[in-house]
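The sequence lines fix the lettering, A, B, ..., with proteins before strands; numbering per chain opens at 1. Only heavy atoms go into these numbers, but all of them, side chains included; no hydrogens, no water, no symmetry mates.
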Amino acid sequence: MQNNSQNIQIIDIDYYIDSNRPIIRIYGKDDAGKSICCLVPGFEPYFFAQADNPAELCNYLTDAFDCIQKADIVEKFLPIGYQTKKVPIVKITVTLPTDVRDIRDQIRDLPGVNEIFEADVLFHNRFLIDKNLHPLKWITITPAPAEKELHPTNIICEEIITAEKVEEIDKIAHAPFKYLAWDIECLPDNGALPTPDKSPIILMSIAFSPEYKGMNTLVLASKKIDGVDKETECYDNENDMINAFFSTVREYDPDVLTGFNTDGFDTKYVVDRCKKINTESGTPVINFKIGRDNRDLNFRVFGATTSVSISGRIVADVLPLIREGFKLKRYKLENVAKELIGKEKLDVPPQEMEAYWNDPSKIHTFIEYSRRDSELALELLLKLQLLDKYLALAQVSGRPLQDVINGGQTNLVEQLLMSRFREIDRLMAMKPNDEIVEERERESNVVGADVLDPKKGLHCNTVVEDYKSLYPTIMMARNLCYTTVIIDKTTPKESMIISPSDGHFIKPEIFKGIIPSILEGLLDKRVATKKMMKNARDENEKRVLDATQLALKILLNSFYGYSGYIRARLFSLEVANSVTSYGRENIRNTQNTINNEIVTLTIRDNQALTPNESDGTQPNDIIVLLTPIYGDTDSIFIHCTDINGNEFEEEEFTLDMSALVGKKIAEVVTSKLPEPMELQYEATAKRILLVAKKRYAMWQFEQAKDGWIQKIKVKGLETVRRDWCNLTSKTLNIILEAILKEGDVDKCITYVQDVIAKIRKINDTRDEAFIAELTLSKTLSRPPSSYKNKQPHLTVVEKIRERGGQVPITGERIPFLITTVGSGYVEQAEDPAYVIEHNIPIDTNYYIQKQIIPPALRLLETFGVKRTTLEINQNQKGLFDFGKQEKEEQSPKKKNSEPAPIDKQPSTDNNDKGTKRQKSLFEY
DNA sequence: ATTGTGGCCTAC
DNA sequence: TCAGGTAGGCCACAAT
């Protein structure tokens with residue numbers, strides 16, 4: 001190896017033009033933190049065309065267009081369908097990447113040209129695919145000899161290397177990245193959202209990691225302010241401040257730029273403001289070129305969303321990352337910081353900003369407020385490790401990090417498919433145009449999974465089993481792929497796999513599909529990564545590996561969704577429907593196997609035996625009757641009872657026994673399935689309350705290395721829904737705890753009655769903390785004008801607009817309370833801040849009748865509890881200890897962790913903490 | 001009273 | 001919200 005070769009981690013990739021040829025530019029960082037730009041000349045853009053007469057097309061093309069370097073006939077498979085013969089295709093190599101689109105448009109409609117392929121693959125992605133390189137992985141660069149060196153003048157990295165050769169190498173740890181978070185403050189328009197044509201930017205703040213010239217933060221002000229500290233710089237006016245901001249960014253040279261809602265607000269605001277100032281001055285007084293190629297930042301605006309990118313750097317707005325990663329009721333910086341890192345945002349209300357700015361005694365508070373916002377954004381990104389997953393997805397998929405952050409799963413899947421298609425000489429289809437999308441939309445009819453009817457009510461001792469990666473394993477087991485779908489009607493039946501939805505695929509012995517092969521690779525890699533994780537001693541490495549295995553899991557599960565996605569390059573209803581039809585068949589088969597074949601298991605000598613294995617009954621045998629009581633898509637819940645279908649007595653059926661049963665069922669079912677499909681034992685529910693499809697709660701015990709980990713798991717019920725108020729969630733949590741752990745319905749009734757009593761008094765007490773518990777929220781999911789029906793959150797948006805406040809934008813969650821003002825729930829919705837400020841009465845009846853009683857009753861009616869019982873006004877008994885809910889704990893040596901089945905609990909109280917007699921749960 | 005729809009959010 | 005898929009519960013309200 002040459003000793004002047006250099007290793008870098010790829011951060012970004014693009015190209016530039018030098019002497020009318022494209023040069024690939026790889027931006028990266030070495031392990032000492034030096035920013036390096038690697039130039040790779042010699043890669044040429046190309047695409048493909050299928051023609052009636054390929055030779056004729058070749059001749060025509062080379063004669064007609066100067067920018068076409070070559071037109072050759074190559075042999076390729078077409079994108080969809082199992083094929084045995086390649087077809088002749090014209091490969092058109094052009095001079096510049098932009099020529100691809102030009103030539104494509106000019107030849108598309110020529111007579112004799114049937115179809116164009118791969119003309120919409122961006123040049124830098126083409127390079128990554130063809131060279132088998134992956135962003136965020138490390139490469140070693142062999143420098144070109146001096147005479148071949150390129151000397152671009154605009155690149156502002158610390159070092160520029162012209163590469164002779166680049167090769168990927170193995171290295172786990174990331175390079176030391178530099179992060180910069182920023183934020184702007186503008187003078188609002190009378191408390192409403194500021195607009196760039198009217199409102200100036202007055203403060204800009206920055207937070208650095210690692211520090212910059214000894215500073216962790218820096219606030220720039222657009223006027224002279226007395227008595228500021230050394231991390232605040234004052235300028236004479238707005239342009240000077242903005243220019244200082246951009247030159248600070250250039251000088252610090254961050255790899256990652258972040259902020260809170262910077263893509264959605266700040267970036268566009270600053271750019272618009274700069275343009276306005278530049279236009280008004282007649283000369284460009286502001287230089288906002290902050291790319292590592294010394295160019296402007298790039299915008300792409302799609303309707304309400306803008307995505308920002310800066311060449312050579314990564315733009316990562318934390319707001320969308322947090323939206324995706326955390327389920328919160330609101331996503332204002334204030335809420336997010338408090339919920340996720342326990343930090344307070346400083347408070348300067350928009351209406352008062354002007355006053356703060358103009359008041360010398362308050363302006364320092366304003367400066368600190370601004371500084372805090374950048375600090376919080378940076379802290380969120382780093383502490384929550386928001387980028388980890390995306391770095392790993394870029395590495396595994398081969399797509400540039402900025403695409404991974406801004407885009408969806410489509411890009412990732414397509415990059416993987418394209419790489420593998422290229423290896424076997426298969427063409428990739430172009431992205432569908434609007435016409436094709438509409439057609440697919442009309443035809444699209446994908447049937448999904450089965451949800452088994454739940455046996456509603458309370459059950460003890462239920463084992464939960466699920467299929468490991470069901471859809472990916474189905475695709476592997478049945479060779480489901482675009483490349484295996486039968487298009488030749490003469491294919492003999494014995495060569496085909498026919499799915500329950502009547503999809504036809506070639507057998508893997510004849511040709512193994514690309515998707516199954518990709519999935520197999522991802523699965524193997526995931527197993528290997530998890531193994532490395534176990535052995536890793538370095539915490540940092542462990543973190544990276546954990547992100548990698550998560551990324552692999554995400555990719556594994558993306559292929560099914562992609563196959564039925566109407567905007568996909570490859571779209572196949574036959575594939576999508578075959579996957580789900582096998583899934584439905586599978587869950588039914590599982591249910592039947594348990595019902596009709598296994599039926600019972602015998603527990604003997606710490607083993608679970610099937611009827612075949614047990615060979616009669618022995619004295620200490622415990623016979624367990626298995627009844628599937630619920631299942632959704634890839635899971636099945638099996639109730640374990642005695643032979644007569646009654647719940648076991650306390651201690652008769654232990655958790656350890658349930659694990660034996662669960663594992664035995666998994667083993668028997670798995671043995672009948674094709675590889676690599678696998679049913680696995682997940683956990684045991686000591687008690688489970690099945691309310692409806694997709695709605696249940698259970699007291700779950702999961703087997704760990706040293707004992708059982710217990711928790712209450714709630715699915716689909718109001719507790720986990722963000723469109724119900726906190727009071728509902730808390731009330732239901734108490735009820736669930738009482739039912740599942742203590743079997744105490746009395747307690748539930750008293751509790752609900754007390755909650756109702758407290759609601760009744762809220763307009764007298766005006767307890768603000770309690771009012772906050774009544775706040776509902778809903779997402780404003782589209783522009784207000786496009787709603788067909790009125791909605792409560794729309795009412796609130798309208799009211800805020802009329803009052804001249806900051807109007808929420810599409811995609812925001814809107815909090816509201818139901819007041820007595822107006823008629824009907826929709827009209828009665830009001831902004832909580834306004835309710836407090838103007839002392840608007842709360843509609844107590846709504847909360848009692850709509851928010852508390854129906855959800856409580858849904859849980860309690862199985863025990864015979866009636867609406868009238870809950871409504872009885874029992875003058876306040878006062879046991880309001882909200883918020884003492886158990887999360888997750890190691891089960892303490894069986895102490896009280898195995899109460900008797902509820903319907904058999906003795907009528908005398910054996911519970912050490914209560915004294916009053918409990919009614920049986922079925923006495924109501 | 002029952003049925004249909006628009007809307008929201010969740011399970012998987 | 002150009003950002004993978006379908007199933008499904010429940011609310012409010014309108015139509016029957």
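Toward the 5′ end of DNA chain C lies the nearest nucleotide of Asn557(A), the other residue of the pair Pro855(A) and Asn557(A) mapping further downstream. Place Tyr562(A) and Val451(A) on DNA chain C by their nearest nucleotides, and Tyr562(A) ends up nearer the 5' end.
Think of the region where chain A sits on DNA chain C: with heavy atoms and a 4.0 Å cut, that region ends 5' and 3' at dT1(C) to dC13(C).
Contacts between residues 775-801 of chain A and DNA chain C, defined by a heavy-atom separation under 4.0 Å, are absent. For the segment residues 843-851 of chain A, the set of residues with a heavy atom within less than 4.0 Å of an atom of DNA chain C comprises Tyr846(A), Lys850(A), in numerical order.
Dashed line: the shortest gap from a side-chain N or O of Lys327(A) to OP1 or OP2 of dT10(B) is under 4.0 Å. Contact between the side-chain N/O atoms of Tyr696(A) and the OP1/OP2 oxygens of dC12(B) is found at a separation under 4.0 Å. Phosphate contact (OP1/OP2 of dC9(B), side-chain N/O of Arg813(A), threshold under 4.0 Å): present. OP1 or OP2 of dC12(B) lies within a sub-4.0 Å distance of a side-chain N or O belonging to Lys715(A).
Counting non-hydrogen atoms under 4.0 angstrom, Arg858(A) reaches the backbone sugars and phosphates but no base. Contact annotation for Ser558(A): no contact, since no heavy-atom pair falls under 4.0 Å across all strands. Residue-level contact check: Gly811(A) touches the bases, meaning some heavy atom is under 4.0 Å from a base atom. Contacts of Arg722(A) with the nucleic acid, taken as non-hydrogen atoms under 4.0 Å apart, involve only primed sugar atoms and P, OP1 or OP2. Using a 4.0 Å heavy-atom distance criterion, Val720(A) is classed as a sugar-phosphate-only contact. Here Val447(A) lies in heavy-atom contact (under 4.0 Å) with sugar-phosphate atoms only. Using a 4.0 Å heavy-atom criterion, one finds that Gly561(A) contacts the bases of the nucleic acid, with or without backbone contacts as well. Residue Val437(A) is out of contact with every strand shown, counting any heavy-atom pair closer than 4.0 Å. Within 4.0 Å of Asn406(A), counting heavy atoms only, lies at least one base atom of the nucleic acid.
Whole-Å rounding puts the Lys694(A) NZ to dC8(B) C1' distance at 16 Å. Atom CG of Asp466(A) is separated from atom P of dA11(B) by 15 Å (rounded to the nearest Å). The interatomic distance linking Ile587(A) (CD1) with dA11(B) (C1') rounds to 12 Å, in whole Å. Rounding to whole angstrom units, CD of residue Glu324(A) and P of dT10(B) are separated by 15 Å. Taking atom CZ on Phe637(A) and atom P on dC12(B), their separation rounds to 6 Å, with Å as the unit.
In this structure Phe123(A) satisfies the ring pair (Phe, Tyr, Trp, His ring centres under 6.0 Å) test together with Tyr15(A), Phe43(A), sequence neighbours excluded. Not counting sequence neighbours, the partners of Asn411(A) by the side chain to side chain donor-acceptor pair (under 3.5 Å) test are Arg399(A). For Tyr560(A), the ring pair (Phe, Tyr, Trp, His ring centres under 6.0 Å) partners at least two apart in sequence or on another chain are Tyr471(A).
In plain terms, the two heavy atoms of Phe816(A) and Lys778(A) that are nearest each other are CE2-N, 4.0 Å.
Taking atom C1' on both dG4(C) and dG6(B), the two are 24 Å apart, rounded to the nearest angstrom. dT6(C) and dT1(C): their P atoms are spaced 13 Å apart (whole Å).
Residues Glu798(A) and Leu794(A) fail the side-chain proximity criterion, which asks for heavy atoms closer than 4.5 Å. The closest side-chain heavy-atom distance from Leu128(A) to Ile13(A) is below 4.5 Å.
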inquiry  = Using the rule given for side-chain hydrogen bond (donor to acceptor under 3.5 Å, both in side chains), can you reason through Glu324(A) versus Tyr390(A), listing the C-alpha separation, both sets of side-chain angles and the distance that settles it, and then say yes or no?
reply    = CA-CA 12 Å; Glu324(A) 196 181 305; Tyr390(A) 300 89; 3.2 Å; yes
task = Go through the steps to decide whether Arg440(A) and Glu443(A) satisfy the test salt bridge (charged side-chain N to carboxylate O under 4.0 Å, His left out), and finish with yes or no.
result = CA-CA 5 Å; Arg440(A) 287 180 181 178; Glu443(A) 285 172 10; over 6 Å; no
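The neighbour count for Lys799(A) NZ, taken as heavy atoms of other residues, nucleotides or ligands under 6.0 Å away, is above 12.
Under 3.5 Å, the side chains of Asn298(A) and Ser309(A) contain a donor-acceptor pair of N or O atoms. Using modelled atom types and a 3.5 Å distance limit, the side chains of Tyr846(A) and Gln851(A) yield a donor-acceptor pair.
Note that Arg782(A) lies in the cation-pi zone of Tyr787(A), set by a 6.0 Å cut-off to the ring centre and a 45° limit from the axis.
Salt bridge present: Lys694(A) and Asp632(A) bring a charged side-chain N and a carboxylate O closer than 4.0 Å.
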